[in-house]
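Beneath this line is the structure, given in structure tokens, with notes to follow.
Numbering of residues begins at 1 and proceeds along the displayed sequence. Since the model is a prediction, treat every value here as computed from it, not as a measurement.
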Amino acid sequence: MVQAEINAAVDRLQKAGLRPTRQRVALARLLFGGCDRHVTAEVLHGEAILAGHAVSLATVYNTLHQFTEAELLREVVVDAGRSYFDTNTCNHHHFYRESTGELQDVHDEAVVVSALPAAPAGTRIARVDVVIRLAEET
């Protein structure tokens, strides 16, 4: 089972044009070994340490950004300095529960954006990300 997971991670990285280093493979196994998920760099770093992988937090950040650039992940910025990395790269939006920091998927069809401004000269709109912030009722 472990070798199959390693092979799947190596294959995914190579198809994305990334060299399958030991650290990338270890982090890819943690990220893509199960269901779609939303993780912060700090959470992934903690999981890596618990799994016995000697990686620094800086390496985790760098790897998450490399995976995002290779379109293996989507970065969801919820606040200045607070990002989640989403293994579901299909078009969709999110609920963000401010009290717990939980991020939850919202299907793309459930959100209707009726108009967008024109993109600045020399650019195009690549995608629209909607984060719906939830607060507890008082």
Side-chain angles (χ1 to χ4, degrees):
M1 179 68 174
V2 172
Q3 190 58 49
E5 291 174 8
I6 292 170
N7 292 343
V10 168
D11 187 53
R12 184 183 289 241
L13 294 172
Q14 288 176 331
K15 285 181 179 174
L18 294 172
R19 191 167 53 89
T21 64
R22 179 182 52 81
Q23 292 164 323
R24 285 180 183 155
V25 170
L27 295 174
R29 286 181 62 206
L30 291 171
L31 284 166
F32 306 116
C35 300
D36 284 328
R37 56 193 293 224
H38 308 101
V39 296
T40 62
E42 294 79 10
V43 166
L44 185 60
H45 179 251
E47 291 176 4
I49 297 301
L50 284 175
H53 304 295
V55 296
S56 69
L57 183 56
T59 297
V60 172
Y61 270 106
N62 290 336
T63 302
L64 287 170
H65 287 291
Q66 291 163 357
F67 285 7
T68 300
E69 287 177 23
E71 299 182 352
L72 294 173
L73 297 173
R74 283 180 58 182
E75 184 175 11
V76 180
V77 179
V78 295
D79 284 317
R82 183 153 176 96
S83 293
Y84 288 80
F85 293 87
D86 192 348
T87 60
N88 178 357
T89 59
C90 297
N91 285 333
H92 67 286
H93 308 287
H94 295 92
F95 282 123
Y96 176 64
R97 188 175 304 271
E98 293 181 325
S99 62
T100 63
E102 179 188 0
L103 204 61
Q104 180 181 348
D105 287 347
V106 175
H107 293 289
D108 189 47
E109 313 82 48
V111 176
V112 177
V113 177
S114 61
L116 295 172
T123 67
R124 65 176 177 76
I125 296 173
R127 73 173 191 247
V128 175
D129 294 320
V130 176
V131 176
I132 304 163
R133 297 175 180 279
L134 302 175
E136 303 303 319
E137 293 186 26
T138 56

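- Among all heavy-atom pairs drawn from A41 and V60, the shortest one is O-CG1, 3.5 Å.
- N7 and Q3 share a side-chain donor-acceptor pair at under 3.5 Å.
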Inset, instruction - Could you go through the side-chain contact (heavy atoms from CB on, under 4.5 Å) check for L72 and L13 one step at a time? - result: CA-CA 8 Å; L72 294 173; L13 294 172; 4.0 Å; yes
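- Looking at R24 and R19, their side chains come closer than 4.5 Å, going by heavy atoms from C-beta outward.
- Tested against H38, the residues N88, D105, T87 include a single side-chain hydrogen bond (donor to acceptor under 3.5 Å, both in side chains) partner, D105.
- In this structure, CG in L27 is found 10.0 Å from CD in Q66, a value given to the nearest 0.5 Å.
- Closest approach of A51 and L30 over heavy atoms only: CB-CD2, 4.4 Å.
- A salt bridge between R133 and D79 is present, with a side-chain N of the basic residue lying under 4.0 Å from a carboxylate O of the acidic one.
- Under the 3.5 Å distance criterion, with hydrogens and angles disregarded, no donor-acceptor pair is assigned to the side chains of H94 and D129.
- At a threshold of 4.5 Å between side-chain heavy atoms, the hydrophobic network of Ile, Leu, Val, Met, Phe, Trp and Tyr places L18 and I6 in one connected group.
- Partners of D11 according to the salt bridge (Lys or Arg N to Asp or Glu O under 4.0 Å) rule, which considers only residues two or more places apart in sequence or in another chain, are K15.
- L73 and V10 end up in the same hydrophobic cluster when Ile, Leu, Val, Met, Phe, Trp and Tyr side chains are linked at under 4.5 Å.
- Rounding to the nearest 0.5 angstrom, the gap separating the OG1 atom in T59 from the CG atom in L44 is 11.5 Å.
- Residues T63 and T21 have side chains not in contact (no heavy-atom distance under 4.5 Å, counting atoms from C-beta outward).
- In terms of heavy atoms, T89 sits closest to E71 at CG2-O, 3.7 Å.
- Put simply, CZ on F32 and CD on E5 are 13.5 Å apart, with the number rounded to the nearest 0.5 Å.
- In this structure, V130 is a member of the same hydrophobic cluster as I125, with clusters built from ILVMFWY side-chain heavy atoms closer than 4.5 Å.
- Hydrophobic clustering of Ile, Leu, Val, Met, Phe, Trp and Tyr side chains at less than 4.5 Å, counting indirect connections, unites V128 with I132.
- In this structure E47 satisfies the side chain to side chain donor-acceptor pair (under 3.5 Å) test together with R37, sequence neighbours excluded.
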Inset, instruction - For E98 and E136, run side-chain contact (heavy atoms from CB on, under 4.5 Å): C-alpha distance rounded to whole Å, both residues' side-chain angles, the deciding distance at 0.1 Å, then the answer. - result: CA-CA 8 Å; E98 293 181 325; E136 303 303 319; over 6 Å; no
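- Nearest heavy-atom pair across Y84 and E102 is OH-N, 4.4 Å.
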What side-chain donor-acceptor pairs closer than 3.5 Å can you find for residues 108-122, not counting sequence neighbours?
from: D108; atom 1: OD1; to: H93; atom 2: NE2; distance (Å): 3.1

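- Distance alone, capped at 3.5 Å, is enough to place a donor-acceptor pair between the R74 side chain and the C90 backbone.
- A single hydrophobic cluster is not seen to contain both Y96 and V106; linkage of ILVMFWY side chains at heavy-atom distances under 4.5 Å, directly or through other members, places them apart.
- The backbone N or O of V55 lies less than 3.5 Å from a partner atom in the side chain of H45, making a donor-acceptor pair.
- A9 and A28 make their closest contact through CB-CB, 4.0 Å (heavy atoms, listed as atom of the first residue, atom of the second, distance).
- The closest side-chain heavy-atom distance from V2 to R29 is below 4.5 Å.
- Residues E75 and F67 fail the side-chain proximity criterion, which asks for heavy atoms closer than 4.5 Å.
- F85 and H65 have their aromatic ring centers within a separation under 6.0 angstrom.
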